[in-house]
Visitor: 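Shown below is the structure under consideration.
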Amino acid sequence: MNRFTRSHLLLYAVHIAVALLVLLPLAFAFVSSFRPLEDIYKYMSPITWKTFWPSNFTLDAYQMLFAERGFGRIFLNTFFVGAVNVLGGLLLGSMAAFAFVYFEFRGKTLLFLLVLITFMIPFEVISIPLYSLVNSLGWVDTYAGIIIPGIANGLVIFLFRQFFLELPTSLVESARMDGASWLRVYANIVMPLCKPVTVSASLLIFIQQWESFLWPLIVTRSKEYKVIQVALSDFVTEYATYWNEMFAAVILSILIPVVLLLPLQRYYVQGIANTGSKE
C-alpha cells in the first residue's frame, strides 16, 4: 500500500468518524421520537441495535405536538416571521447595497463601516436597549416586535454589495444613458442578475430567524406569537422532561431548513463564493 493510498484511507476514516459524530445523535433523536416516554433511555446501556430501533413504535409524541401543544400555530408563526423577514430583508438589504455601490454621498465609507460593525456585535449586547425601544413603541408581544428589528441585516447588505461590485458597470451606464431611472436599473437590470446572492441571502435570513431564540423569548409573552425555538423549551418542566415530544419537535424543526437548503445549496454556495473583496 503506497503512501498516497494510506493518506486517502486516513482521510476517509476521519470523514466517517465526523459523520458518525453528527448523525448518530440525530438518529437517536429520530428513533426516540417514535418511542413512549418510558422507553427513551431503556436501551442506552449497553448500546445494541435496539438503541436505534423503536421496539414499541408509536406516533403519540407527534400527535401530542399538534393536538395538545398547538405546534400547528407555532410552525405557522415561525414560517410567517421567517417569510416576512426574508422579503423585507432582501428589499432593504439589496437597495442599501445598491446605494453603496452606485451612489456617491458624504460619509459613505463611514456608514458602510457601521454596517459591518452591526453583524460583528453579539446580539446579547443590544438586546436590552432594543427591548426598551420596542416596548416604548408598543410592539411587545406583537408580530411587529418580532419581525421589524431583524429586517435590517448588515451581513445581507455586505453580500449584495460585494456581488454588485462584480457586475459590469457598463450595464448600468448604458441603461442610464438610455434614460432609465435608478429604480428601473435596480429592478430590471441589476436584480435579475443576482439570483445566486438572492438565494444565499434568503436562506441566511430564513435560517437565522428559524433558529432565533433569545429575541422571541424576550419580546413575546403569549402563546399566540410563540415560535419554534421558544416552544422547544416547554418540554422541560419542574417535574419531568418530555423527551419523546422534545425529540419529535427537534426533528421537525431540523427538517424544514434541510428541505429548503438541499435543493438550493448550489445557488447558496455560488452566492457566497461570488462575494469577493473587490472594491
Side-chain angles (χ1 to χ4, degrees), residues 76-120 139 143-212 256-279:
L76 286 176
N77 283 343
T78 315
F79 267 115
F80 177 72
V81 171
V84 175
N85 265 279
V86 167
L87 294 176
L90 288 179
L91 181 63
L92 185 63
S94 61
M95 294 186 77
F98 186 86
F100 277 122
V101 173
Y102 296 108
F103 294 165
E104 292 297 333
F105 52 89
R106 183 177 297 178
K108 184 172 79 169
T109 302
L110 177 60
L111 187 59
F112 183 68
L113 179 62
L114 292 176
V115 169
L116 295 180
I117 292 174
T118 60
F119 66 84
M120 297 177 186
W139 289 351
Y143 284 120
I146 306 174
I147 294 170
I148 292 178
I151 288 180
N153 191 308
L155 182 56
V156 172
I157 296 173
F158 173 77
L159 291 176
F160 271 107
R161 176 187 178 272
Q162 298 305 105
F163 196 90
F164 289 163
L165 288 172
E166 300 292 333
L167 297 178
T169 56
S170 57
L171 291 174
V172 175
E173 292 171 355
S174 299
R176 291 292 293 166
M177 290 178 63
D178 290 339
S181 65
W182 281 115
L183 182 60
R184 186 176 178 184
V185 170
Y186 163 80
N188 295 346
I189 297 175
V190 173
M191 288 306 294
L193 300 174
C194 298
K195 184 177 181 180
V197 72
T198 301
V199 172
S200 299
S202 299
L203 291 173
L204 182 72
I205 296 169
F206 184 84
I207 293 175
Q208 186 179 53
Q209 290 301 317
W210 187 267
E211 296 178 349
S212 178
I256 302 302
V258 169
V259 168
L260 290 174
L261 186 59
L262 284 180
L264 298 173
Q265 61 179 329
R266 177 168 63 91
Y267 299 106
Y268 181 78
V269 173
Q270 184 180 352
I272 297 296
N274 286 343
T275 55
S277 58
K278 180 179 176 181
E279 293 295 339

Visitor: Can you measure from OH (Tyr102) to CG (Leu167) and round to the nearest 0.5 angstrom?
Guide: 5.0 Å
Visitor: Would you name the heavy atoms of Ala187 and Pro192 that are closest together and state the gap between them?
Guide: O-CD, 3.4 Å
Visitor: Taking the side chain as every heavy atom from C-beta outward, state whether Gln208 and Asn153 have any atom pair closer than 4.5 Å.
Guide: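 SC-SC contact between Gln208 and Asn153 confirmed.
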Visitor: Working to the nearest 0.5 Å, report the span between SG of Cys194 and CG of Leu90.
Guide: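 Result: 11.0 Å between the selected atoms.
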Visitor: Just to verify, which of Ile205, Leu204, Thr198, Val199 counts as forming a side chain to side chain contact (heavy atoms under 4.5 Å, CB included) with Ser202?
Guide: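 When side chain to side chain contact (heavy atoms under 4.5 Å, CB included) is applied between Ser202 and each of Ile205, Leu204, Thr198, Val199, only Thr198 qualifies.
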Visitor: CH2/Trp210 to CD1/Ile256 distance, rounded to the nearest 0.5 angstrom?
Guide: 5.0 Å
Visitor: Could you pull out the closest heavy-atom pair between Leu193 and Phe163, with the gap in Å?
Guide: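 Where Leu193 meets Phe163 most closely, the heavy atoms are O-CE2, 3.5 Å.
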Visitor: For a 4.5 angstrom cut-off between non-hydrogen side-chain atoms, does Asn77 reach Ile146?
Guide: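 Asn77 vs Ile146: side chains apart.
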Visitor: Mind telling me whether Phe98 and Trp182 have parallel, tilted or perpendicular rings, with 30° and 60° as the class edges?
Guide: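 Trp182 vs Phe98 ring planes: perpendicular.
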Visitor: Considering all heavy atoms of both residues, which atom of Ser94 and which atom of Tyr186 are nearest to each other, and what is their separation?
Guide: OG-OH, 2.5 Å
Visitor: For a 4.5 angstrom cut-off between non-hydrogen side-chain atoms, does Leu111 reach Phe105?
Guide: yes
Visitor: How many angstroms lie between atom CD1 of Ile157 and atom CG of Leu92, to the nearest 0.5 angstrom?
Guide: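 Rounded to the nearest 0.5 Å, the CD1-CG separation comes out at 6.0 Å.
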Visitor: Looking at every non-hydrogen atom in both residues, tell me the closest pair between Gln209 and Gly82 and how far apart they are.
Guide: CB-CA, 4.1 Å
Visitor: If you measure from CG on Leu155 to CG on Leu159, what distance do you get to the nearest 0.5 Å?
Guide: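 Separation between the atoms: 4.5 Å.
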Visitor: How close do Asn85 and Ile151 get, counting heavy atoms only, and between which atoms?
Guide: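 The pair with the smallest heavy-atom distance is OD1-N, 3.5 Å.
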Visitor: Using atom types as modelled and distance alone, determine if a side-chain donor or acceptor of Ser174 lies under 3.5 Å from a backbone N or O of Leu171.
Guide: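 Absent.
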Visitor: Which word best sums up how the rings of Phe160 and Phe164 line up, parallel for under 30°, tilted for 30 to 60°, or perpendicular for over 60°?
Guide: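 Tilted, since the angle between the ring planes falls between 30° and 60°.
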Visitor: Just how far is it from atom CZ of Arg176 to atom CD1 of Ile189, taken to the nearest 0.5 Å?
Guide: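 Arg176 CZ to Ile189 CD1: 10.0 Å, rounded to 0.5 Å.
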Visitor: Of the non-hydrogen atoms in Val156 and Ala201, which two are nearest, and what is the gap between them?
Guide: CG1-CB, 4.0 Å
